[in-house]
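Beneath this line is the structure, given in structure tokens, with notes to follow.
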Amino acid sequence: MTDIVSTKSYNSINLAEKLSLFSEQWQPKVIAELNEYQFKIVKIEGDFIWHGHVDTDEAFLVIEGILRIDFRDGHVLVNPGELFIVPKGVEHKPYAENEVKMMLIEPRGVLNTGHEDSQRTAQNDIWI
Ligand code: NI
């Protein structure tokens with residue numbers, strides 16, 4: 001049997017460490033990719049705009065704080081450690097009374113505001 005010497009390093013991605021690298025809000029940062037999907041972390045506080053994503057579902061995994069997502073016919077509160085999927089095409093408006101730290105999981109190229117042009121529209125594909 002041959003010894004295989006690997007020079008590759010196997011590093012896990014630490015969410016708390018990644019979150020400590022920035023303080024700006026509403027600017028999602030990519031931390032990993034899975035096929036065509038991206039894992040992004042973001043800090044938000046206050047009100048987002050009404051929007052929908054016509055081509056994709058959107059996953060919100062809350063790490064810290066309480067995320068409220070309003071829908072035209074109701075709302076959901078997503079607590080730390082909880083995951084919520086907004087179905088494709090459903091209009092939604094995230095809101096955080098106090099700062100929320102969370103992970104978003106969605107296909108590469110999805111704009112945070114859907115097709116709405118807004119002050120809240122963030123630059124895409126920023127890695128941290
Ligand atoms: Ni959205």
Side-chain angles (χ1 to χ4, degrees):
M1 220 171 152
T2 319
D3 282 334
I4 296 168
V5 179
S6 174
T7 54
K8 202 172 174 180
S9 61
Y10 295 96
N11 295 320
S12 57
I13 297 165
N14 186 291
L15 298 184
E17 185 199 327
K18 292 290 188 186
L19 283 164
S20 75
L21 298 177
F22 67 99
S23 56
E24 68 266 33
Q25 298 176 331
W26 304 104
Q27 303 291 321
K29 318 283 187 210
V30 181
I31 58 166
E33 280 183 341
L34 176 72
N35 299 320
E36 73 273 27
Y37 276 76
Q38 290 186 324
F39 295 79
K40 305 174 186 178
I41 52 173
V42 65
K43 298 178 180 181
I44 68 164
E45 187 172 8
D47 231 346
F48 203 61
I49 60 161
W50 282 104
H51 69 283
H53 307 278
V54 290
D55 296 321
T56 182
D57 301 338
E58 181 175 27
F60 294 83
L61 176 62
V62 174
I63 298 164
E64 201 179 303
I66 299 171
L67 172 69
R68 176 185 166 120
I69 307 175
D70 283 295
F71 300 98
R72 294 299 186 185
D73 59 356
H75 73 272
V76 64
L77 294 177
V78 191
N79 293 292
E82 293 182 347
L83 173 70
F84 188 84
I85 314 289
V86 174
K88 170 165 70 175
V90 172
E91 274 193 296
H92 57 284
K93 184 179 70 62
Y95 171 74
E97 187 176 352
N98 299 301
E99 188 176 70
V100 166
K101 299 172 184 174
M102 61 181 177
M103 184 156 69
L104 307 172
I105 307 161
E106 56 196 9
R108 195 185 298 129
V110 169
L111 274 185
N112 62 335
T113 47
H115 292 284
E116 309 301 327
D117 198 17
S118 157
Q119 264 180 289
R120 290 279 196 229
T121 304
Q123 217 183 328
N124 221 342
D125 208 35
I126 304 296
W127 284 74
I128 198 166

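Between Glu82 and Val78, the shortest heavy-atom distance links the atoms O-CG1, 3.5 Å. When all heavy atoms of Lys88 and Asp57 are compared, the closest pair comes out as N-OD1, 2.7 Å. The shortest heavy-atom contact between His51 and Gly114 is CD2-N, 3.9 Å. Counting all heavy atoms, side chain and backbone alike, Asn112 lies closest to Phe48 at O-CE2, 3.4 Å.
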Take Asp47 and Lys93 through the test salt bridge (charged side-chain N to carboxylate O under 4.0 Å, His left out) and record every step on the way to the result. CA-CA 8 Å; Asp47 231 346; Lys93 184 179 70 62; 2.6 Å; yes
Between Val86 and Phe71, does a side chain to side chain contact (heavy atoms under 4.5 Å, CB included) hold up when you go through it step by step? CA-CA 10 Å; Val86 174; Phe71 300 98; 4.2 Å; yes
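Looking at Phe60 and Leu83, their side chains never come closer than 4.5 Å, going by heavy atoms from C-beta outward. Taking 4.5 Å as the limit, some side-chain heavy atom of Asn124 sits within range of a side-chain heavy atom of Lys40. Taking 4.5 Å as the limit, some side-chain heavy atom of Lys29 sits within range of a side-chain heavy atom of Phe22.
A donor-acceptor distance shorter than 3.5 angstrom exists from the side chain of Trp26 to the backbone of Glu45, with no hydrogens or angles considered. Under a 3.5 Å cut-off, the side chain of Lys18 and the backbone N or O of Ile13 do not form any donor-acceptor pair. The backbone N or O of Tyr37 sits nowhere less than 3.5 Å from a side-chain atom of Asn35 that would complete a donor-acceptor pair. Of the possible polar contacts, one joining the Lys43 side chain to the Leu19 backbone as a donor-acceptor pair under 3.5 Å is found.
Using a 4.0 Å cut-off between charged side-chain N and carboxylate O, Glu91 and Arg72 make a salt bridge. Salt-bridge formation is not detected for the pair Arg68/Glu97: no Lys NZ or Arg NE/NH1/NH2 atom is positioned less than 4.0 Å from an Asp or Glu carboxylate oxygen.
With 3.5 Å as the limit, one finds no donor-acceptor pair spanning the side chains of Glu106 and His53.
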